[in-house]
Amino acid sequence: MSEKIRRRKTVARHGQLRTPGPIGQLLKMLGVALAVVLVSGLSVSAFVVSDLYGTATADAVELEGQESVPPDISAYEGGFDLLLVGTDNCEEKYAHLFGDRCSGSDSEGTLNDVNILLHVSEEPRRITAVSFPRDLMLPIPECTREDGGTTSAMSKQPLNTAYSYGGLNCVAKTISELTGQDIEFAGSVTFGGVIEITNAIGGVDVCLASPIKDYHTGLDMTAGTHTVSGLQALQFLRTRHGVGDGSDLGRIGNQQQYMSSLARKLISGEVLGNVPVMLRLAHTALSNLEASTSLTNPMTIVQVGLAVKDVPFEDIVFLQYPTFTDSDNVNKVIPNYDAAGVMWDAINANQQLQVTHQNTANDGVVVEDAPSTDAPEETTEPTEGAEGTETPAPTEGVTQLPDSIRGNSAAQQTCSNGNVRQ
């Protein structure tokens with residue numbers, strides 16, 4: 001398989017290892033998606049939506065190559081993609097909570113430490129959230145900055161430096177070049193909003209299979225189920241040393257446990273059925289948002305929300321982009337293009353996805369219950385690929401992903417694989 005994946009059409013023709021830094025932006029990024037769902041679920045007027053979204057419009061970012069947004073998002077062939085980016089800006093109000101990242105030698109620059117590409121398929125609607133390691137070494141293309149200047153293309157840099165080179169547009173262009181996916185929508189959120197948003201939603205339940213104690217983040221939690229909000233939620237999302245093998249890949253798994261729990265809370269009605277909570281959360285999320293110009297139309301937000309709000313748990317899947325250890329630096333990773341190609345082919349074909357990776361002590365989470373066996377009957381024989389990439393070709397049934405791809409569905413209960421590291 002070639003290193004570049006064939007890019008799908010966006011619009012139907014008939015419709016036109018640095019020292020550890022905080023990456024608790026995850027929840028704030030989720031706030032973008034949450035606000036989308038909340039706005040649609042409220043059945044409010046376009047006036048109210050416009051009022052909520054007005055705070056983001058002034059800072060809207062133009063994505064390179066972005067086509068005009070069609071009147072109806074169903075015009076996007078194959079579905080659409082929303083990039084959620086978390087940056088580690090140190091707002092004055094919260095900087096004292098984050099030590100050297102906001103006051104020491106690590107305080108320079110703004111990094112995109114969390115990067116999630118959310119793919120929403122055509123009917124039947126499915127949601128796949130692919131997380132990209134911050135230390136993924138890859139080419140960063142020439143990008144247009146907000147001031148109109150351009151950055152030079154680079155053959156190999158960490159993904160989390162793309163924002164510092166060219167802002168949100170450069171992150172989107174870098175991931176689009178890597179994946180072959182057209183990114184129709186993008187949003188980034190800054191460092192402090194995680195505390196505000198977790199408080200607005202009333203906390204999220206997380207499960208710990210074993211205790212976590214991580215002095216880097218200040219997190220100290222016993223085994224069992226906890227409701228985390230505010231600073232503790234931020235610490236939970238930041239922890240790397242406290243889960244699995246202490247790597248960023250383990251941290252992504254731990255964050256995905258949080259996302260699964262959050263999705264279940266939203267869809268269960270605890271949030272969508274509570275108008276005051278929804279309004280508060282939508283306002284908080286949008287006030288911390290930097291969005292692409294494609295997300296400045298309130299009715300587009302409503303359409304996106306309507307597209308995702310009824311997706312069943314088993315069709316909401318969280319995956320990690322597959323990687324190999326970088327031979328030039330064991331603290332970095334490089335793309336596993338073959339496994340990624342199988343994943344994107346299945347996603348773009350709107351296949352049901354089955355994660356075959358078996359979690360080990362090195363992973364950030366353990367699976368508490370077995371995945372559903374109610375899979376469609378029609379499958380195919382495995383095809384040979386690179387090591388760790390054997391998988392059935394896409395069919396009308398279920399696609400078994402290569403075992404090099406970690407992840408879980410929102411229908412599965414995972415628990416943090418905690419450890420105690422000093």
Side-chain angles (χ1 to χ4, degrees), residues 5 7-12 29-30 32-34 36-37 40-41 72-84 116-132 175 179-185 256-257 259-268 272 300-301 303-322 339-357 371-380 391-402 405-414:
I5 301 167
R7 183 166 301 173
R8 61 186 172 81
K9 297 290 185 181
T10 42
V11 181
M29 294 184 306
L30 287 174
V32 179
L34 294 178
V36 166
V37 177
S40 65
D72 191 325
I73 60 171
S74 63
Y76 287 118
E77 287 187 344
F80 57 89
D81 292 271
L82 169 63
L83 177 66
L84 306 175
I116 301 174
L117 188 58
L118 192 73
H119 178 80
V120 180
S121 73
E122 288 182 310
E123 298 291 346
R125 292 291 189 188
R126 296 186 173 99
I127 302 172
T128 310
V130 180
S131 296
F132 298 81
I175 291 181
T179 63
Q181 298 294 109
D182 291 303
I183 297 176
E184 290 82 10
F185 309 104
Q256 289 179 333
Q257 184 222 151
M259 288 192 289
S260 292
S261 181
L262 178 59
R264 291 192 295 270
K265 180 171 184 176
L266 282 172
I267 296 175
S268 70
L272 291 180
T300 299
I301 301 174
Q303 289 183 34
V304 173
L306 291 172
V308 304
K309 72 182 184 69
D310 293 323
V311 176
F313 292 156
E314 60 269 23
D315 285 333
I316 303 174
V317 180
F318 303 94
L319 303 175
Q320 291 190 38
Y321 185 87
V342 173
M343 177 181 70
W344 292 119
D345 284 347
I347 290 172
N348 290 331
N350 200 10
Q351 296 286 293
Q352 290 188 332
L353 305 177
Q354 180 180 343
V355 175
T356 64
H357 174 79
S372 171
T373 59
D374 297 331
E377 295 180 359
E378 192 174 337
T379 58
T380 59
T391 184
T395 71
E396 292 298 319
V398 61
T399 292
Q400 294 179 331
L401 295 173
I405 299 177
R406 311 181 194 188
N408 61 274
S409 77
Q412 292 175 288
Q413 174 64 59
T414 58

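Sequential numbering from 1 along the given sequence is applied to the chain's residues. The model shown is predicted, which means the values in this text are computed figures rather than measured ones.
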Participant: Just how far is it from atom CE of M259 to atom CD of Q257, taken to the nearest 0.5 Å?
Facilitator: 10.5 Å

Participant: Determine whether N408 and Q256 satisfy the following criterion, side chain to side chain contact (heavy atoms under 4.5 Å, CB included), listing intermediate values before the conclusion.
Facilitator: CA-CA 8 Å; N408 61 274; Q256 289 179 333; 4.3 Å; yes

Participant: To the closest 0.5 Å, what do you measure between CD (E314) and CD (Q412)?
Facilitator: 11.0 Å

Participant: Can you name the nearest heavy-atom pair linking Q320 to I405, along with the distance?
Facilitator: O-CG2, 3.6 Å

Participant: Sequence neighbours excluded, which residues qualify as side-chain contact (heavy atoms from CB on, under 4.5 Å) partners of D315?
Facilitator: R126, V311, P312, Q352

Participant: Indicate the atoms forming the closest heavy-atom contact of A340 with P322, along with that distance.
Facilitator: N-CG, 3.5 Å

Participant: Is the ring pair F80/F185 parallel, tilted or perpendicular, if the boundaries are 30 and 60 degrees?
Facilitator: perpendicular

Participant: Between atom CD of E122 and atom OG of S74, what is the distance when rounded to the nearest 0.5 Å?
Facilitator: 8.5 Å

Participant: Please report the shortest heavy-atom distance between T356 and P402, naming the atom on each side.
Facilitator: OG1-C, 3.6 Å

Participant: Tell me, please, which residues at least two apart from T128 pass side-chain contact (heavy atoms from CB on, under 4.5 Å).
Facilitator: V130, L319, I347, L353

Participant: Determine whether the side chains of N348 and Q181 contain a donor N or O and an acceptor N or O closer than 3.5 Å.
Facilitator: yes

Participant: Are the side chain of S121 and the backbone of P124 linked by a donor-acceptor contact shorter than 3.5 Å?
Facilitator: yes

Participant: Would you give the length of the straight line joining atom CZ of R125 to atom CG of N350, rounded to the nearest 0.5 angstrom?
Facilitator: 9.0 Å

Participant: When you look at R264 and S260, which way does the side chain to side chain contact (heavy atoms under 4.5 Å, CB included) test go after all the steps?
Facilitator: CA-CA 6 Å; R264 291 192 295 270; S260 292; 3.6 Å; yes

Participant: Minimum heavy-atom separation for T399 to Q351, with atom names?
Facilitator: OG1-OE1, 3.2 Å

Participant: Give me the atom names and distance for the closest heavy-atom approach of A263 to F313.
Facilitator: O-CE2, 4.2 Å

